[in-house]
Amino acid sequence: MATAAPAPTTPRAGRRAYFSSALRGRTAFWTLFAGIGGSVLLAAAWHDARVAVIGPLATLALVLVLAQRYAQRRSELEFFVALAPTLGLTYLGEVGVLGITPLLGAGERRRLEHALGGGGAQLGMYTYEVRRETRNGEAAHWDPYTFTVCIMDLAPEMPSYPGVYVCRKRGLLHGDDWLRRDRTHRVELESIAFNERYDLLRASDQDEVALRELFSPSLVDWLANHPLAPGLEMRAGVLVVWLPGHVEDAGKLAFFLEGAHHLAGIVNREAQEAATTSL
Amino acid sequence: MDTAIYVLLGLAALAVVWAIATLNGFVRARNQVDEAWSGVDVQLKRRHDLVPNLVETVKGYAEHESGVLEEVTRARAAAVAASDSDDSGKAEASLTSALGGIRAVAEQYPQLRASDNFQRLQAELAQIEDEIQASRRIYNANVRAFNNRIQVFPNSLLAGAYQPRHFFEIEDVAERAVPAVAF
């Protein structure tokens with residue numbers, strides 16, 4: 001009796017197979033045929049032997065690059081489509097992003113790829129790009145910044161937090177600081193381990209007392225000791241939990257999703273207690 | 001000769017800068033230890049404030065268990081009166097043990113166990129005890145960082161005025177006892 005193949009734990013598992021199949025395919029064959037044949041004909045027409053050498057090499061390089069990109073895209077798609085049901089989610093593909101929090105609104109171009117949705121959460125590979133201009137004003141290039149994000153809606157009837165941001169401490173070469181565009185104030189908590197790992201920032205209209213009540217000892221201890229050191233942003237009833245880079249490991253993604261649900265549970269509970277106390 | 005003087009002056013300036021930064025680091029670490037202790041204190045007070053409600057609820061259903069209830073009340077009074085972290089650790093351990101007696105009493109009174117008020121208080125107590133453990137971990141981590149800072153060389157050369165702090169331990173003697181297993 002045939003058994004189903006186990007779901008891949010990373011996209012790398014299927015990449016080699018897709019790469020091999022791309023190189024053995026008809027597209028690669030005809031591209032190479034056209035490239036090599038064309039190079040030889042051009043070399044004969046121009047009486048230049050270099051064209052007969054460079055042309056085929058360039059064609060081969062192009063075929064390898066295209067095959068590698070194809071293999072990467074297909075293996076990623078296969079990985080995330082197989083991962084979704086194991087996490088109790090549905091594969092959504094590429095979806096639009098509302099810039100509710102500073103991270104989701106960063107940069108001039110944004111995309112959320114391989115989104116997995118369900119149970120009030122959306123997990124995906126997020127990229128924003130910043131346009132860097134040269135001194136004379138011409139657009140030089142786009143710098144991409146990648147994250148793995150889990151976007152969750154907090155309980156709608158609960159009081160929302162105007163702006164709470166927890167970022168990992170940045171080094172000297174930290175890349176883009178998407179929070180510098182917002183007016184934020186730094187808050188130090190009682191835990192040395194937390195303060196060494198994170199910067200806690202609040203928006204100008206965020207009540208600091210409410211923020212300190214939210215960051216109970218159990219939440220502070222959890223964040224200070226969590227192996228993944230996730231960052232988080234909270235604004236307008238939305239919680240975004242994030243990791244730097246695109247995480248493509250099934251175990252790590254499952255752990256990350258579990259952590260995001262844990263954080264959402266804590267926030268909802270603290271907001272509920274605050275609402276009960278204020279009545 | 002001039003070069004040697006400038007080098008010595010530069011080294012002296014570096015030493016002064018280092019000394020100022022190190023002493024300020026001691027002050028910051030000490031203040032964070034104190035702040036973490038006040039966080040522990042807040043959680044302990046929440047537990048102390050819950051105990052009278054719990055005692056009254058149990059009394060309503062189990063008047064004859066006065067021994068257990070008096071022990072809880074005494075342990076609570078001792079915990080409230082505790083002054084430093086060492087006394088507090090011992091007193092809180094006694095209170096934890098006494099509260100275990102209430103759980104044992106509840107096992108014998110199904111009506112008490114089923115009471116909404118009792119269940120709510122038990123859930124609140126469990127949540128507070130989680131927060132106490134977390135705040136204790138934060139405090140002890142801060143104490144460790146402070147003690148390391150004042151004891152490592154060369155910081156120890158400047159740390160004469162600072163004493164190492166003690167960790168906050170709530171020892172439950174019953175938990176350390178090896179359970180007897182007989183088949």
Solution key, residues 156-164 of chain B side-chain donor-acceptor pairs under 3.5 Å, sequence neighbours excluded:
none

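Heavy atoms closer than 4.5 Å to chain B are found in the backbone of Leu189(A), but not in its side chain. Proximity to chain B (any heavy atom under 4.5 Å) is shown, for Asn225(A), by neither the backbone nor the side chain. Of the two parts of Ala36(B), the backbone and the side chain both hold a non-hydrogen atom closer than 4.5 Å to a non-hydrogen atom of chain A. In this structure, the portion of Gln43(B) lying under 4.5 Å from any heavy atom of chain A is its side chain and not its backbone.
Ring geometry, Phe255(A) versus His226(A): the interplanar angle falls under 30°, so the pair is classed parallel (tilted spans 30 to 60°).
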Open item on the list: Would Glu208(A) and Glu213(A) count as a side chain to side chain contact (heavy atoms under 4.5 Å, CB included) here? Give the steps.
Closed with: CA-CA 9 Å; Glu208(A) 188 164 335; Glu213(A) 283 177 356; over 6 Å; no
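Comment: Lys45(B) engages Asp41(B) in a salt bridge, judged by a side-chain N to carboxylate O separation of less than 4.0 angstrom.
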